[in-house]
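I have placed the structure first, in the form of structure tokens, so that the comments after it can refer back to it.
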Amino acid sequence: MLSSEFAEDVFVEFYNLVSQQKISIQGQDFSPISSFHEKIINSGELTKNQANFLIKLLEKYKTISAMAGLDYGSKLTDLKWQRPFRVLDLSKLIYVELRENKLEICLKFPYQLKKEFEDEIASRDALHTHGAWDSEHKVRRLDFYHYNLIALYEFACKHNFEIDDSFMIALGDVEEIWQNQDDILPSSDLCADWVTLFNTNEGTQDWWREHSTNCYESDLLLAKSMGYPYAGKSHTTIEKIAASHENSFWMKTNQEFFQLAKSFSGKICVLLDRSSATLPWLQSFVADAEKSGVSREEIKVCFRENKESITGLNDWIKIAGVGGKVETGRILIFESKPAKWLFKDSNDVTLVVTNNIFPPTNTMARDWFMCHPCVIYLGDTRPTETKGQKIVEL
């Protein structure tokens with residue numbers, strides 16, 4: 001005879017026999033049985049579909065349960081439920097809310113839409129970085145400035161969301177900004193052969209007048225580093241770099257690089273992959289420099305191998321004339337990590353170059369690659385992009 005007429009109590013007894021290994025169950029059933037048990041003992045409410053599944057599990061194991069001393073088979077159709085079933089909230093709503101001085105897009109939708117939302121709007125990684133699940137209010141909160149409102153609006157319309165006025169007002173403001181972005185967004189362009197900043201303030205203009213060189217190529221890159229990308233038509237490699245919102249670029253040949261280097265003022269820092277064949281790479285690099293009209297006196301190798309090395313690198317540096325005082329060089333080559341003195345104010349490193357195809361493992365180099373306005377990956381093998389990075393082929 002059963003000790004209780006309630007399905008929840010019967011299932012707890014059933015689970016206890018399973019946990020005592022008095023009832024053998026199939027492997028695929030262990031997870032739902034454990035999940036239902038945890039929900040019941042924590043006074044959680046089941047949905048109607050979950051309750052039906054629970055009864056099917058009891059039906060499946062009624063014979064073996066009876067053999068273990070729990071005979072509920074004849075009572076399955078008469079079992080009652082202690083708690084009411086949880087009614088699923090299938091409502092769908094999108095709105096904008098200011099919370100703790102942070103503007104957020106809030107979405108409420110049933111679990112069935114979760115996969116579509118992640119596929120169409122945001123990956124799981126992006127949600128963890130720029131969004132969060134609000135368990136108290138049962139909404140997904142997104143950082144307003146990291147998501148495309150147009151894409152969210154289309155998603156909401158496609159899946160029949162209720163769209164709050166707060167979202168429509170925000171969407172209208174954003175569209176107005178996009179339509180008038182030439183009068184709002186910072187940019188640079190050529191005016192009478194001079195690089196000019198647009199949508200800036202007086203303080204920035206004062207700094208620009210003091211630090212711009214009146215050299216077209218250098219000033220375009222300086223403007224890019226200040227957050228003023230080139231807004232004109234891109235005809236040259238320099239213009240393509242200056243116009244891009246990315247900072248990482250790929251060039252396949254040394255000859256292309258040296259043509260680009262001629263347009264740069266300031267120092268160029270080359271960081272070599274420690275695992276690469278250093279001496280052959282340097283020999284090819286210097287030979288291509290001379291073919292491109294770049295004097296080897298501009299090139300300085302700023303590292304040496306230890307005395308026990310048998311590669312011949314140190315002797316080659318001396319014979320090739322690419323050693324000596326680094327102050328006289330413009331293209332400075334380092335192995336795996338930059339020297340700290342490069343970051344002094346007197347050193348204007350306008351271009352960072354590497355033959356790595358993977359992100360550098362050195363922390364200083366990795367951080368530099370992330371923040372420098374122009375990083376060139378040089379080699380015939382396409383470099384591997386890290387998460388959130390885009391490398392533009394020149």
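Counting from 1, the numbers follow the sequence of the chain as shown.
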Stepwise, does the side chain to side chain contact (heavy atoms under 4.5 Å, CB included) test hold for Trp194 with Tyr216?
CA-CA 7 Å; Trp194 304 105; Tyr216 157 66; over 6 Å; no
Would you check, one step at a time, whether the test salt bridge (Lys or Arg N to Asp or Glu O under 4.0 Å) holds for Lys75 with Glu5?
CA-CA 8 Å; Lys75 303 292 185 180; Glu5 62 179 344; over 6 Å; no
Give the C-alpha distance, both sets of side-chain angles, the deciding distance and a yes or no for side chain to side chain contact (heavy atoms under 4.5 Å, CB included) between Leu142 and Glu104.
CA-CA 5 Å; Leu142 308 179; Glu104 296 176 327; over 6 Å; no
Candidate pair Lys390 and Glu385, rule salt bridge (Lys or Arg N to Asp or Glu O under 4.0 Å), full reasoning
CA-CA 6 Å; Lys390 181 178 179 181; Glu385 296 177 343; over 6 Å; no
Going through the distances and angles, do Lys291 and Asn254 end up as a side chain to side chain contact (heavy atoms under 4.5 Å, CB included)?
CA-CA 10 Å; Lys291 292 177 184 177; Asn254 291 336; over 6 Å; no
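Counted by atom type alone, Ser35 and Glu38 present zero donor-acceptor pairs between their side chains at under 3.5 Å. For the 3.5 Å distance criterion, the side chains of Gln50 and Lys39 fail to qualify, holding no donor opposite an acceptor. A donor-acceptor pair shorter than 3.5 Å cannot be found between the side chains of Ser19 and Asn16. For the 3.5 Å distance criterion, the side chains of Asp273 and Ser275 qualify, holding a donor opposite an acceptor. For the residue pair Glu305 / Thr311, a side-chain donor-acceptor distance below 3.5 Å is found, with atom types taken as modelled. Side-chain contact, Asn362 with Ser336: no donor N or O sits under 3.5 Å from an acceptor N or O. Neither side chain, Ser187 nor Tyr230, offers a donor N or O lying under 3.5 Å from an acceptor on the other. In summary, the side chains of Gln259 and Ser292 do not present any donor paired with an acceptor at a separation below 3.5 Å, with no hydrogens or angles considered.
A salt bridge does not link Lys252 to Glu256: none of the charged side-chain nitrogens sits closer than 4.0 Å to a carboxylate oxygen. A salt bridge is defined here as a Lys NZ or Arg NE, NH1 or NH2 lying under 4.0 Å from an Asp or Glu carboxylate O, and Asp29 with Lys60 meets this definition. The pair Asp134-Lys138 does not meet the salt-bridge criterion, since no charged nitrogen lies less than 4.0 angstrom from a carboxylate oxygen.
Residue pairs meeting the ring pair (Phe, Tyr, Trp, His ring centres under 6.0 Å) criterion with at least one member in residues 86-114, sequence neighbours excluded: Phe109-Phe117. Annotation: salt bridge (Lys or Arg N to Asp or Glu O under 4.0 Å) contacts involving residues 146-171, sequence neighbours excluded, comprise Glu120-Lys158. Listed by first then second residue, pairs satisfying side chain to side chain donor-acceptor pair (under 3.5 Å) with a partner in residues 276-287 read Ser276-Asn355, not counting sequence neighbours. Identified under the salt bridge (Lys or Arg N to Asp or Glu O under 4.0 Å) test for residues 315-328, with sequence neighbours left out: none.
In this structure, Val10 and Leu76 have side chains that are not in contact, with every pair of non-hydrogen atoms separated by 4.5 Å or more. Between Leu394 and Ile376, some side-chain heavy-atom pair lies under the 4.5 Å cut-off. Side-chain contact between Phe14 and His37 is absent, with no heavy atoms from C-beta onward closer than 4.5 Å.
The aromatic ring centroids of Trp368 and Phe343 lie less than 6.0 Å from each other.
Among all heavy-atom pairs drawn from Arg141 and Glu97, the shortest one is NH1-OE1, 2.8 Å. In terms of heavy-atom proximity, Ser24 sits nearest to Tyr61 at O-CE2, 3.7 Å. Closest of all the heavy-atom pairs between Asp380 and Trp250 is O-CZ2, 3.9 Å. In plain terms, the two heavy atoms of Leu342 and Cys269 that are nearest each other are CD1-SG, 3.7 Å.
Residues forming a side chain to side chain contact (heavy atoms under 4.5 Å, CB included) with Val294 (at least two apart in sequence, or on another chain): Phe258, Lys262, Ala289, Glu298, Ile331. Partners of Trp316 under the ring-ring contact (aromatic ring centres under 6.0 Å, His included) rule, at least two apart in sequence or in another chain, do not exist in this structure. Here Arg209 pairs with Asp206 under the salt bridge (Lys or Arg N to Asp or Glu O under 4.0 Å) rule; sequence neighbours left out. With sequence neighbours excluded, no residue satisfies ring-ring contact (aromatic ring centres under 6.0 Å, His included) with Trp133. Every ring-ring contact (aromatic ring centres under 6.0 Å, His included) that Phe36 has, sequence neighbours left out, goes to Phe53. The ring-ring contact (aromatic ring centres under 6.0 Å, His included) search around Phe161 returns Phe155, not counting sequence neighbours. Qualifying side chain to side chain donor-acceptor pair (under 3.5 Å) partners for Thr350, counting only residues two or more places apart in sequence or in other chains: none. With sequence neighbours excluded, no residue forms a salt bridge (Lys or Arg N to Asp or Glu O under 4.0 Å) with Glu45.
By the 6.0 Å contact criterion, CZ on Phe85 is enclosed, its count of non-hydrogen atoms from other residues, nucleotides or ligands being greater than 12. The number of heavy atoms from other shown groups lying within 6.0 Å of CD (Glu297) does not exceed 12. Atom CD of Gln28 has more than 12 heavy atoms from other residues, nucleotides or ligands within 6.0 Å. Heavy atoms from other residues, nucleotides or ligands lying under 6.0 Å from CD of Gln21 number 12 at most. Around the CG atom of Asn306, the shell of radius 6.0 Å holds more than 12 heavy atoms that belong to other residues, nucleotides or ligands.
Not one N or O on the side chain of Ser212 forms a donor-acceptor pair closer than 3.5 Å with the backbone of Asn214. A donor-acceptor pair under 3.5 Å is formed between the side chain of Ser225 and the backbone N or O of Leu222. With hydrogens and angles ignored, the 3.5 Å screen pairs no side-chain donor or acceptor of Glu59 with any backbone N or O of Lys56. A donor-acceptor pair under 3.5 Å links the side-chain atoms of Tyr72 to the main chain of Leu58, judged by distance alone. With Ser166 contributing its side chain and Val96 its backbone, the two residues share a donor-acceptor pair below 3.5 Å.
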